[in-house]
Chemist: 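Dropping the structure in here first, questions after.
As the structure is a prediction and not an experimental result, all values here were calculated from the model.
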Amino acid sequence: MYRSHHIEKLMQTSSWIRKMFEEGIELKKQYGEENVFDFSLGNPITEPPQAFFDKLKEIADNPVPGTHRYMPNQGLYSTRSKVAAYYSKEFDMNINADDVIMTVGAAGAINVILKTFIDPANEIITFAPYFAEYKFYADNHQARLIVLGSDDEFNPDLERLRDMINPETAAIILNSPHNPTGKIYSEDFIKELVEVLEEGTARIGRPIYIITDEPYRKIVYDGYQNPVIFKHYKYTIFVTSHSKDLSLAGERIGYAIVHPNMPFKEKLMTSMAFSNRILGFVNAPAIMQLLVEDIVSESVNIEEYKEKRDLLYNGLLDAGFTAYKPQGAFYIFVKSPIKNEIKMIEHLKKYNILAVPGVGFGKRGYFRLSYAVKKDVVVKSLPLFKKAMEELHFIK
Ligand SMILES: Cc1ncc(COP(=O)(O)O)c(C=O)c1O
């Protein structure tokens, strides 16, 4: 046996996103790269901003002894200070370097947090549709991911949430701007959510944390802004990374910020630094931390994503599809014109279009398109979406 039964089981339920991505590679071999419309993966194709390359060169040209050694597990103080200064402005509150921990991407941050908070059998609640990896992150720490469904606007029923809270409830993972819908939760929604969590916290006698997962925070359109959850709830841990906003997904740099008024925050941070170490991350990569010092406030060109959002969204409506208009991130969640979206995905594949079924995000009847692709891919795919819609009767 070359793997555990547990990993075997997890891999069987593993990501549709990867599955479609791999099918895309096969299709590209068969039909040529330019004839395949691969909307499966949220892998940014824009290059990082020039400031990234300038700083990288500066670090290489001016070596400072000791830069590449082990460091405190929480990360470089100089980097954490810059991150704290940026978010003090962004959140309009006083955040200190000691509230920040540098991590191996947002994924690393979420795992560090869960490792620190979770006892076996604890429950973590998230709202469908959701980023499929959460299920595996929960499993890493023997927790149960409980998924609460949502309405047509992707708002969960907060009265049901109230009923779901029990002594095992440890945290809510919230993601906004949202993968897979591009939704931004409203300030009013956050206030109602906090009211439910405060009541739940009082009832079960221990805090229910919000882990707010915001790697798309800077990718917003039409003047929308992601709410600042720190303003509403002190048991919040903010998570982000530069995978998406600086197109640095392969470099694995992110961070978590603990609310400045979180009770026991010093002890909590010491424990998170320990978790970073024993999970095997030890610390976030040193060069990337130095880079963050200069580019924490930068982003890729959001207008490019907006242009593709508009093209794809309008094109889909024109073809007869119904979709949620994304307010941020770079995904569109489209209602499948037939009930079984897996059949719809198979149908789209006949036109060399690759999409991810809603089942992969815990929401049947939809499919996700990632427009982190070249504009040309969007433009050339639109007549094919139209054709696929006209030829729905071919679906058996
Ligand atoms: C909602 C969400 N959270 C977390 C991540 C992981 O990001 P990172 O590359 O920073 O680990 C992703 C990546 O796609 C994501 O979509």
Side-chain angles (χ1 to χ4, degrees), residues 43-44 46-91 95-116 133 137 140-141 211 213-218 237-258 260 265-300:
N43 195 4
T46 50
E47 288 304 313
Q50 186 56 37
F52 167 79
F53 297 102
D54 293 346
K55 179 72 181 176
L56 198 55
K57 191 161 183 312
E58 190 192 310
I59 295 170
D61 287 346
N62 304 286
V64 176
T67 298
H68 309 289
R69 296 182 192 148
Y70 286 124
M71 66 171 80
N73 304 120
Q74 199 174 337
L76 296 171
Y77 184 80
S78 52
T79 305
R80 291 187 285 116
S81 302
K82 293 273 171 62
V83 170
Y86 174 77
Y87 282 95
S88 293
K89 244 196 198 157
E90 170 80 4
F91 293 167
I95 291 163
N96 287 306
D98 289 342
D99 304 333
V100 180
I101 178 168
M102 302 305 294
T103 59
V104 174
I110 297 170
N111 275 283
V112 163
I113 295 165
L114 297 183
K115 178 85 184 164
T116 308
E133 301 293 281
Y137 301 163
N140 284 344
H141 310 284
I211 302 166
D213 179 22
E214 306 191 24
Y216 304 95
R217 185 173 179 86
K218 287 189 197 145
I237 305 185
F238 170 83
V239 167
T240 194
S241 77
H242 293 302
S243 291
K244 316 289 176 172
D245 62 17
L246 296 176
S247 287
L248 291 173
E251 299 297 350
R252 312 306 304 133
I253 187 71
Y255 34 88
I257 307 179
V258 172
K265 80 172 175 184
E266 289 80 12
K267 284 188 181 139
L268 171 64
M269 191 48 92
T270 311
S271 309
M272 281 170 57
F274 178 71
S275 296
N276 210 14
R277 181 180 121 205
I278 65 170
L279 282 169
F281 300 130
V282 183
N283 54 255
I287 291 183
M288 290 311 300
Q289 292 195 44
L290 289 174
L291 274 150
V292 166
E293 288 186 15
D294 276 27
I295 57 179
V296 59
S297 58
E298 301 259 343
S299 78
V300 293

Chemist: Quick check: closest heavy atoms across Ile95 and Ser88, and the distance to 0.1 Å?
Modeler: N-OG, 3.0 Å
Chemist: So how far is it from Leu248 CG to Ser241 OG, rounded to the nearest 0.5 Å?
Modeler: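 Rounded to the nearest 0.5 Å, the CG-OG separation comes out at 9.0 Å.
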Chemist: Would you call Arg217-Asp245 a salt bridge at under 4.0 Å N-O?
Modeler: no
Chemist: Could you tell me the separation between the CD1 atom of Ile113 and the CD1 atom of Ile237, rounded to the nearest 0.5 Å?
Modeler: 4.5 Å
Chemist: When you check the side-chain N and O atoms of Thr46 and Ser247, is any donor under 3.5 Å from an acceptor?
Modeler: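 There is such a pair (donor and acceptor under 3.5 Å, judged by atom type) between the side chains of Thr46 and Ser247.
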Chemist: Phe52 pairs by side-chain contact (heavy atoms from CB on, under 4.5 Å) with which of Ile295, Asp294, Leu246?
Modeler: Ile295
Chemist: Rounded to the nearest 0.5 Å, how far does CZ of Arg80 lie from CD of Glu293?
Modeler: 11.0 Å
Chemist: Looking only at heavy atoms, what is the nearest atom pair of Arg252 and Ala249, with distance?
Modeler: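 In this case the closest contact between Arg252 and Ala249 is NH1-O, 3.1 Å.
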Chemist: Does Pro285 reach the side chain of Glu251, with side-chain heavy atoms less than 4.5 Å apart?
Modeler: no
Chemist: Could you tell me the separation between the OG1 atom of Thr103 and the CD1 atom of Ile110, rounded to the nearest 0.5 Å?
Modeler: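 The OG1 atom of Thr103 sits 9.0 Å away from the CD1 atom of Ile110.
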Chemist: Before giving the answer on side chain to side chain contact (heavy atoms under 4.5 Å, CB included), spell out for Leu56 and Ile287 the whole-Å C-alpha distance, their side-chain angles and the decisive distance to 0.1 Å.
Modeler: CA-CA 8 Å; Leu56 198 55; Ile287 291 183; 3.9 Å; yes
Chemist: Which atoms form the tightest heavy-atom contact between Thr67 and Val64, and what is the distance?
Modeler: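 That would be OG1-O, 2.6 Å.
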Chemist: So does Pro260 get a backbone contact from the side chain of Asp99, meaning a donor-acceptor N/O pair under 3.5 Å?
Modeler: no
Chemist: Is atom NZ of Lys115 surrounded by more than 12 heavy atoms (other residues, nucleotides or ligands) closer than 6.0 Å?
Modeler: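 No.
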Chemist: Are the side chains of Asn140 and Leu114 in touch, meaning some heavy atoms are under 4.5 Å apart?
Modeler: no
Chemist: Shortest non-hydrogen contact from Leu76 to Ala286?
Modeler: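 Residues Leu76 and Ala286, closest heavy atoms: CD1-O, 4.3 Å.
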Chemist: Do Met102 and Ile253 come close enough that some side-chain heavy atom pair is under 4.5 Å?
Modeler: yes
Chemist: Kindly compute the distance separating CG (Asp213) from OH (Tyr137), expressed to the nearest 0.5 Å.
Modeler: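 One finds 8.0 Å between CG of Asp213 and OH of Tyr137.
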Chemist: Quick one: closest heavy-atom pair of Ala284 and Asn276, and the distance?
Modeler: N-ND2, 4.5 Å
Chemist: Indicate yes or no for a side-chain donor-acceptor contact from Asn111 to the backbone of Ala107 under 3.5 Å, with no hydrogens or angles considered.
Modeler: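 Present.
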Chemist: Starting from the C-alpha separation in whole Å, work towards a yes-or-no answer on side chain to side chain donor-acceptor pair (under 3.5 Å) for Asn62 and Glu58.
Modeler: CA-CA 6 Å; Asn62 304 286; Glu58 190 192 310; 5.2 Å; no
Chemist: Using every non-hydrogen atom in the two residues, find where Ser243 and Pro44 come nearest and quote the distance to one decimal.
Modeler: O-CG, 3.5 Å
Chemist: Return yes if some donor-acceptor pair links the side-chain N/O of Ser81 with the main-chain N/O of Ala97 below 3.5 Å, else return no.
Modeler: no
Chemist: Whether the side chain of Lys218 engages the backbone of Glu298 through a donor-acceptor N/O pair (distance < 3.5 Å, no angle test) should be reported.
Modeler: yes
Chemist: Within the distance-only criterion (no hydrogens, no angle test), does the side chain of Asn73 pair as donor or acceptor with the backbone N or O of Val282 below 3.5 angstrom?
Modeler: yes
Chemist: For the atom pair CE (Met269) and CG (Asn96), what is the distance rounded to the nearest 0.5 Å?
Modeler: 10.5 Å
Chemist: Among Gln74, Gln289, His242, which residue satisfies the side-chain hydrogen bond (donor to acceptor under 3.5 Å, both in side chains) criterion with Tyr255?
Modeler: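 Exactly one option meets the side-chain hydrogen bond (donor to acceptor under 3.5 Å, both in side chains) with Tyr255, and it is His242.
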